[in-house]
Peer 1: 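Submitted below is the structure of interest, expressed as structure tokens.
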Amino acid sequence: AGNGHVAARPGDFQRSEGSSCDRISGDPRIGCGIGKCRAVIEKCETSGYVETIFKRKRFIRNINAKNKNEKSAAERMAVNTPIQGSAADIVKKAMIAVQNAIESSGLKAKLLLQVHDELIVECPTEECEAVKKLLRTEMEGVAKLSVPLKVSVESGADQRVELERLAFHEHGLERLDTETVERRSA
């Protein structure tokens, strides 16, 4: 049996009454809206940093700059960090949880790659269903939020050539010709 790849990433919020912003705003660690943005900026101006939901601090240079362009850029970073930084924290925690679960389960699967909010795992075909279940359990359970963290898990045949192209693209390297990629994956 050959190897396949399993990819997991947080799924889209299901539409329900109210926007996802309305539902997230109930979580005081994240919030949405102009008032919340102003409060984040004001706190950052006083302390010099913002925090993710896991209390990781990011110091924001130029938050009190006199230059309007520098200050505006710093304000955007201050507002963006609690959301994007928290998402990065969740993916980091998920990577650790998935790796630990793979090791303790005795599976032959290997965590290969992280691309944005997606984890890609290589496993023997016969382990595919167990790995999919492991990914869903570990990733959905990595953070307790006011809204459920849902994960979509997909699997497919060996995509090593596509993964290598993706890895090169993500790192801003020149595109490789198909023959070079195929030789490397053979």
Side-chain angles (χ1 to χ4, degrees), residues 7-14 18-104 110-121 134-153 163-175:
R9 70 172 150 233
D12 295 327
F13 285 111
Q14 297 297 315
S19 69
S20 58
C21 185
D22 294 336
R23 286 180 279 134
I24 291 172
S25 66
D27 190 326
R29 298 172 296 176
I30 302 173
C32 288
I34 303 299
K36 182 69 174 184
C37 291
R38 179 62 18 220
V40 167
I41 292 167
E42 287 172 2
K43 183 177 178 190
C44 185
E45 287 170 341
T46 303
S47 66
Y49 66 87
V50 293
E51 292 182 334
T52 67
I53 60 175
F54 298 102
K55 303 296 182 198
R56 183 170 54 89
K57 293 179 181 177
R58 179 179 183 187
F59 289 87
I60 307 293
R61 276 187 37 209
N62 299 327
I63 193 65
N64 294 309
K66 301 293 182 217
N67 179 296
K68 186 178 178 181
N69 290 335
E70 290 176 359
K71 180 158 179 61
S72 292
E75 287 176 349
R76 287 190 299 276
M77 279 188 251
V79 170
N80 188 48
T81 295
I83 296 168
Q84 293 289 11
S86 295
D89 291 351
I90 289 170
V91 170
K92 289 175 198 172
K93 287 175 165 283
M95 286 173 45
I96 293 166
V98 166
Q99 183 61 37
N100 289 342
I102 288 171
E103 289 172 3
S104 67
K110 292 180 182 148
L111 182 57
L112 289 184
L113 187 64
Q114 176 225 335
V115 180
H116 303 294
D117 62 351
E118 184 171 328
L119 300 182
I120 300 174
V121 176
L134 179 144
L135 278 167
R136 183 177 315 284
T137 301
E138 296 303 322
M139 290 182 76
E140 288 183 351
V142 79
K144 301 299 178 218
L145 304 173
S146 61
V147 293
L149 185 58
K150 295 293 181 187
V151 175
S152 67
V153 181
L163 288 174
E164 190 163 335
R165 280 191 193 134
L166 178 62
F168 274 86
H169 172 72
E170 285 296 315
H171 290 94
L173 301 174
E174 290 297 316
R175 187 172 158 185

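All values below come from the heavy atoms of this structure, side chains included, with hydrogens, waters and symmetry mates left out.
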Peer 1: Just verifying a value: how many Å separate Cys44 SG and Asn64 CG, rounded to the nearest 0.5 Å?
Peer 2: 7.5 Å

Peer 1: How long is the span from the CZ atom in Arg38 to the CD1 atom in Ile41, to the nearest 0.5 Å?
Peer 2: 4.5 Å

Peer 1: Would you confirm whether Asn62, through its side chain, and Ala65, through its main-chain N or O, come within 3.5 Å as a donor-acceptor pair?
Peer 2: no

Peer 1: Measure the spacing between CG of Leu134 and OG of Ser104 and express it to the nearest 0.5 Å.
Peer 2: 7.5 Å

Peer 1: Indicate yes or no for a side-chain donor-acceptor contact from Gln114 to the backbone of His116 under 3.5 Å, with no hydrogens or angles considered.
Peer 2: yes

Peer 1: What heavy-atom pair brings Met139 and Asp117 nearest, and what distance separates the two atoms?
Peer 2: CE-O, 4.4 Å

Peer 1: Nearest 0.5 Å, what's the CD-CG distance between Glu103 and Leu111?
Peer 2: 10.0 Å

Peer 1: Between Lys71 (side chain only) and Ile63 (backbone N and O only), is there a donor and an acceptor less than 3.5 Å apart?
Peer 2: yes

Peer 1: Taking the side chain as every heavy atom from C-beta outward, state whether Leu149 and Val142 have any atom pair closer than 4.5 Å.
Peer 2: yes

Peer 1: Could you measure the distance from the CG atom of Leu135 to the CD1 atom of Ile102? Nearest 0.5 Å is fine.
Peer 2: 6.5 Å

Peer 1: Quick one: CE on Met95 to NZ on Lys92, what's the gap to the nearest 0.5 Å?
Peer 2: 9.5 Å

Peer 1: Using every non-hydrogen atom in the two residues, find where Glu45 and Glu75 come nearest and quote the distance to one decimal.
Peer 2: OE2-OE2, 4.1 Å

Peer 1: So do Phe54 and Ile90 actually touch side chain to side chain, heavy atoms under 4.5 Å?
Peer 2: yes

Peer 1: Please report the shortest heavy-atom distance between Val40 and Ala78, naming the atom on each side.
Peer 2: CG1-O, 3.3 Å

Peer 1: Test your reading of the model: is there a side-chain donor-acceptor pair from Thr52 to the backbone of Gly85, 3.5 Å cut-off?
Peer 2: no

Peer 1: Between Val121 and Lys110, is the side chain to side chain contact (heavy atoms under 4.5 Å, CB included) condition met? List the steps.
Peer 2: CA-CA 5 Å; Val121 176; Lys110 292 180 182 148; 5.8 Å; no

